[in-house]
Amino acid sequence: MDTTETTGAESTRTASADPTPAAGALRTAVADGVDRWKPRVEALARNIHSYKETSFEEVRSAEAITALLEEGGFEVERGTSGLPTAFSASAGTGSLTVALCVEYDALPGIGHACGHNLIAGASVAAALALRPLVDELGITLKAIGTPAEEHGGGKALMLERGAFDGVGLALMVHPVQDGLTYNPAGTSAQAVGRYKATFTGKAAHAAAAPHLGVNAADAAVLSQVAIGLLRQQIPSDHRIACFVAEAGHVTNIIPEKAVVEFECRAFTLPEFHALLERVRRCFEGAALATGTTLEFEDSEPLYEPLLQDDDLAAHWTAAMDAFGKDTSRSSGLSGGSTDMGNISQVIPSLHPWLSIPGADVPIHSHAFAALADTPPAYGVMFEAGTALAWTVAAAASTPTQRERFTRAAYRRRPLPQEASTQEGAS
């Protein structure tokens, strides 16, 4: 049977027989661990899919995940980094600290159309399978629950607040459509910044005295026209998106306030900042033309570009070869953004793509949400969980790589207020 159609014990045991350098008793132990936890993890992933909890509201999802990790022998801290639906589950005391990132937030209105239930399942399966092996591998293993990836930048906030301190490598997977290569080398994701532009004008009666008003809605319209024209003049891999969140309430009042929410994306930070400046000028021109005032506000943390670690990518690709997946070299960069990019900028990271068999629809659609809750999706979820665990085991067991990852352990730069406190205490 094709391994893309196989789930559970049969798929992982078939792959564990692969005679590659990382194969053998350790690979078999990991595969058996995934098989042992398969019913519980699949039930967990299905429940997360049904909860459809959005950013920072993932109460049931976080509780279900942490309960299972506690059952599997992890020591769990809830509310990590001051975020109620974040957590950190730890096991082992080895010199190399490994983080498996767990995502579980859904999209507003369309549920798990990005497959975060599968991300959670793969990382939890890998964590539970690795738990009995932490002493043998000499690792401190952390499953870090990172809420609000879709909107809110949970990982960026947790990175700033210390949840990833001491971590030497971080891993997770992400579902995509069918047909994409499983080789993450050379792939990336765009930086994205999200903002609110607020125009303020002056209200007036739209019939009796429209000439006394200053129409903020006009500024919103002009800014969208300017951005539309700008799109012709930007590189093809840049993205701008916007929508009008507020622009009046009734027809007989000249709108005195209009709010446009927008985002910019590019594959490098210099390109991103250059694009953002050009978009800001579109809003500034609209304000000048209409006589309104303009204020900008960051609505979310900046998501930075994604960097794939070459050594981790090679281990993952070898694991996917064992499952018979397409691991041909990718054409390169891909679209979309993730707050895993912030992690990857400071910690060696892996964020490979997981193709759902038969998924010929775009992510962030109702159809993809339905496909993320099917037997083929859970089949590749367990293959991914096994491959994540094999990747960790291979990296921890390769002396030169282990040394590199140990030396790469993340240490935050103190925030200004922290630095002044430390200086005063010295």
Side-chain angles (χ1 to χ4, degrees), residues 7-9 11-13 16 26-53 57-81 83-94 97-106 112 116-137 139-147 154 158 163 167 170-173 373 377-379 381-393 396:
T7 63
S11 71
T12 52
R13 286 183 182 134
S16 66
L26 196 57
R27 265 198 171 192
T28 300
V30 166
D32 287 344
V34 171
D35 291 341
R36 185 165 56 253
W37 286 99
K38 177 181 178 291
R40 302 294 303 281
V41 173
E42 183 168 330
L44 172 71
R46 289 186 180 278
N47 285 336
I48 293 171
H49 188 276
S50 70
Y51 296 153
K52 303 178 183 179
E53 294 173 308
E57 303 294 334
E58 316 95 328
V59 175
R60 289 184 293 173
S61 298
E63 182 53 40
I65 296 167
T66 53
L68 185 57
L69 289 169
E70 281 182 327
E71 184 179 336
F74 284 83
E75 183 177 336
V76 175
E77 173 195 76
R78 293 173 172 84
T80 300
S81 300
L83 304 178
T85 55
F87 64 83
S88 183
S90 302
T93 58
T97 300
V98 176
L100 291 162
C101 295
V102 187
E103 293 180 6
Y104 34 91
D105 61 314
H112 278 287
H116 288 196
N117 61 311
L118 304 175
I119 296 173
S123 289
V124 169
L128 291 169
L130 285 168
R131 171 62 184 89
L133 304 170
V134 292
D135 292 337
E136 180 179 348
L137 292 171
I139 62 174
T140 298
L141 178 62
K142 292 188 174 185
I144 301 181
T146 60
M158 295 178 75
V167 172
L171 308 91
M172 61 171 286
V173 298
D373 187 36
Y378 293 119
M381 177 187 79
F382 285 112
E383 290 173 342
T386 306
L388 283 175
W390 282 350
T391 299
V392 170

Taking all non-hydrogen atoms of both residues, which atom of [X] and which atom of [Y] are closest, and how far apart?
X	Y	result
A120	E103	CB-O, 3.2 Å
L137	A396	O-CB, 4.0 Å
E42	M381	CA-CE, 4.4 Å
A127	L69	CB-CD2, 4.3 Å
Y104	G145	OH-C, 3.2 Å
L83	M158	CD1-CG, 3.8 Å

>> When you compare the side chain of L68 with that of W37, does any pair of heavy atoms fall below 4.5 Å?
In response: yes
>> Walk me through whether I119 and M172 qualify under side-chain contact (heavy atoms from CB on, under 4.5 Å).
In response: CA-CA 7 Å; I119 296 173; M172 61 171 286; 3.8 Å; yes
Going from [atom1] on [X] to [atom2] on [Y], what distance comes out if it is rounded to the nearest 0.5 angstrom?
X	Y	atom1	atom2	value
K38	L128	NZ	CG	14.5 Å
Y51	H112	OH	NE2	10.5 Å
S88	I144	OG	CD1	5.0 Å
D35	T386	CG	OG1	7.0 Å
E70	F87	CD	CZ	10.5 Å
F74	T66	CZ	OG1	12.5 Å

> Can a salt bridge be assigned to the pair E77 and K142 using a cut-off of 4.0 Å between side-chain N and carboxylate O?
Replying inline: no
>> Out of the candidates I65, D105, L118, only one should pair with I48 under the side chain to side chain contact (heavy atoms under 4.5 Å, CB included) rule; please name it.
In response: I65
>> side-chain contact (heavy atoms from CB on, under 4.5 Å) for T140 and V134? Distances and angles first, verdict last.
In response: CA-CA 7 Å; T140 298; V134 292; over 6 Å; no
>> Could you go through N117 and R46, starting from their C-alpha distance and side-chain angles, then the distance that decides it, and tell me whether this counts as side-chain contact (heavy atoms from CB on, under 4.5 Å)?
In response: CA-CA 7 Å; N117 61 311; R46 289 186 180 278; over 6 Å; no
> Would T85 and E53 satisfy side-chain contact (heavy atoms from CB on, under 4.5 Å), going step by step from the backbone distance to the final call?
Replying inline: CA-CA 11 Å; T85 55; E53 294 173 308; over 6 Å; no
